[in-house]
Structure formats: structure tokens, C-alpha cells
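Both backbone and side-chain heavy atoms feed into the values below; hydrogens, waters and symmetry mates do not.
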Amino acid sequence: MPADEYLSEQLKIAEGEPVNMLERVRFVDEEPLQYEIAYLPWYKTPALNREACEKSLYNLLDTQYGLKINKTIESLELFIADEDSAEKLQIKIGNPCFALDTLAYLSDGTIIEYSKTIYRGDLAHFVIERNY
């Protein structure tokens, strides 16, 4: 799909440049836990296909494209389920959720992925470790 203004800003690419869009719902004990949409620049990830992305995306990027993630910057905030996320996560509209926006970087500073993940508030659990 062509990058709109928002995606071009996030991925630091020209508006209209092609991007891969990867939409996934992940389950725990047959319950949907998270709904994610990830965007990757086409020029770095041509021919990305659905079957290859059913496991670890970052492993695929490393093994198939030679793209090793160096760091991610993530922003977590409270989110109220809208119609789309409620349908994907099998919850009611208005249920509390967490929204995680992620930018993944290569070692040269190139942004290789922008993703937004919605986690069910009733099932999600986060552990944060900081080393200084």
C-alpha cells in the first residue's frame, strides 16, 4: 500500500512510497490477546508474504533480508476499544485496553518498522526492566 502522510512521517519515507502492511491477531489459550498492525518499507522488505510472517517477524527480517533490529522505542498508553479492535479482540466497544506504538531501528538508524498493537486490558500483563 502507499504510505500516507502519517506513515511517511513515522517511517521517514516519502509519502506514496510503498509499504508492507502486516495485520495479526495473537492468541493465548485460544483467547485473542493482541491485535497488531505493522508497517515496513517495501524497499527494505520486498515480497514479504503472509506465511513467512506467521512466526517471528524480527527473525524473518534477520534471516531473509539480513536486517537485524538494533533497538525499539515504544510508547504505551491506555486505549478504549473502538469497533475494529473490539471485533478483532472479541471484546465490547469501550473496554479498557493498552495501545503500544513501536518504532524498530536498524543499527544505522533506519526505521524498519512502525507498529500499533492493542492489548486487551483484562488479559495483558507487562514486566518492565530498566538497567542504568
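Residues Val28 and Leu33 come closest through the heavy atom pair CG2-CD2, 3.6 Å. Of all the heavy atoms in Leu89 and Pro32, the pair that sits closest is O-CG, 3.2 Å. Shown here for Tyr58 and Ala104, the closest heavy-atom pair between the two residues is OH-CB, 3.4 Å. Here the closest non-hydrogen pair linking Leu11 and Pro41 is CD2-CD, 4.3 Å. Considering all non-hydrogen atoms of both residues, Ile80 and Gly94 come closest at CG2-CA, 3.2 Å.
Aromatic pair Phe79/Tyr119: ring centres not closer than 6.0 Å.
Looking at Glu36 and Arg26, their side chains come closer than 4.5 Å, going by heavy atoms from C-beta outward. The shortest side-chain heavy-atom distance between Thr45 and Leu61 falls under the 4.5 Å cut-off. In this structure, Ile69 and Lys71 have side chains that are not in contact, with every pair of non-hydrogen atoms separated by 4.5 Å or more. Within the 4.5 Å cutoff, side-chain heavy atoms of Lys44 are placed close to those of Thr110. The closest side-chain heavy-atom distance from Leu76 to Phe126 is below 4.5 Å. Proximity of Val19 to Trp42: side-chain heavy atoms (C-beta onward) are nowhere separated by under 4.5 Å. Proximity of Tyr43 to Ile13: side-chain heavy atoms (C-beta onward) are separated by under 4.5 Å at one or more points. For the pair Phe98 and Ile118, the minimum side-chain heavy-atom distance is 4.5 Å or more.
Atom CG of Asp29 is surrounded by 12 or fewer heavy atoms from other residues, nucleotides or ligands within 6.0 Å.
Distance CE/Met1 to CE/Met21: 6.5 Å, rounded to 0.5 Å. To the nearest 0.5 Å, atom CD1 of residue Ile91 and atom CG of residue Asp122 are 7.0 Å apart. Leu103 contributes atom CG, which lies 5.0 Å from atom CD1 of Ile111 (distance to the nearest 0.5 angstrom). Of the inter-residue distances, the one linking Ser107 atom OG with Ile112 atom CD1 reads 11.5 Å to the nearest 0.5 angstrom. Atoms CG and CD, from Leu40 and Glu113 in turn, are 5.5 Å apart once rounded to the nearest 0.5 Å. In this structure, CD on Glu23 lies 13.0 Å from OG on Ser115, to the nearest 0.5 angstrom.
In this view, Asp84 and Tyr35 satisfy the side chain to side chain donor-acceptor pair (under 3.5 Å) rule, not counting sequence neighbours. Residues meeting the side chain to side chain donor-acceptor pair (under 3.5 Å) test with Ser8, sequence neighbours left out: none. The side chain to side chain donor-acceptor pair (under 3.5 Å) check on Thr72 picks up nothing, with sequence neighbours excluded. For Asp101, the side chain to side chain donor-acceptor pair (under 3.5 Å) criterion is met by Tyr114, Lys116, not counting sequence neighbours. Residues meeting the salt bridge (charged side-chain N to carboxylate O under 4.0 Å, His left out) test with Asp4, sequence neighbours left out: none. By the salt bridge (charged side-chain N to carboxylate O under 4.0 Å, His left out) test, Glu9 is found to be paired with no residue, residues two or more places apart in sequence or in another chain being considered.
With hydrogens and angles disregarded, no donor-acceptor distance shorter than 3.5 Å links the side chain of Ser85 to the backbone of Ala81.
Cluster annotation: Ile73 is connected to Tyr6 through the hydrophobic network of ILVMFWY side chains, with a link wherever side-chain heavy atoms come within less than 4.5 Å.
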Step by step, would you call Leu22 with Ile37 a side chain to side chain contact (heavy atoms under 4.5 Å, CB included)?
CA-CA 6 Å; Leu22 175 61; Ile37 299 179; over 6 Å; no

From CA spacing to verdict: side chain to side chain contact (heavy atoms under 4.5 Å, CB included), Leu67, Asp62
CA-CA 5 Å; Leu67 302 170; Asp62 186 18; over 6 Å; no

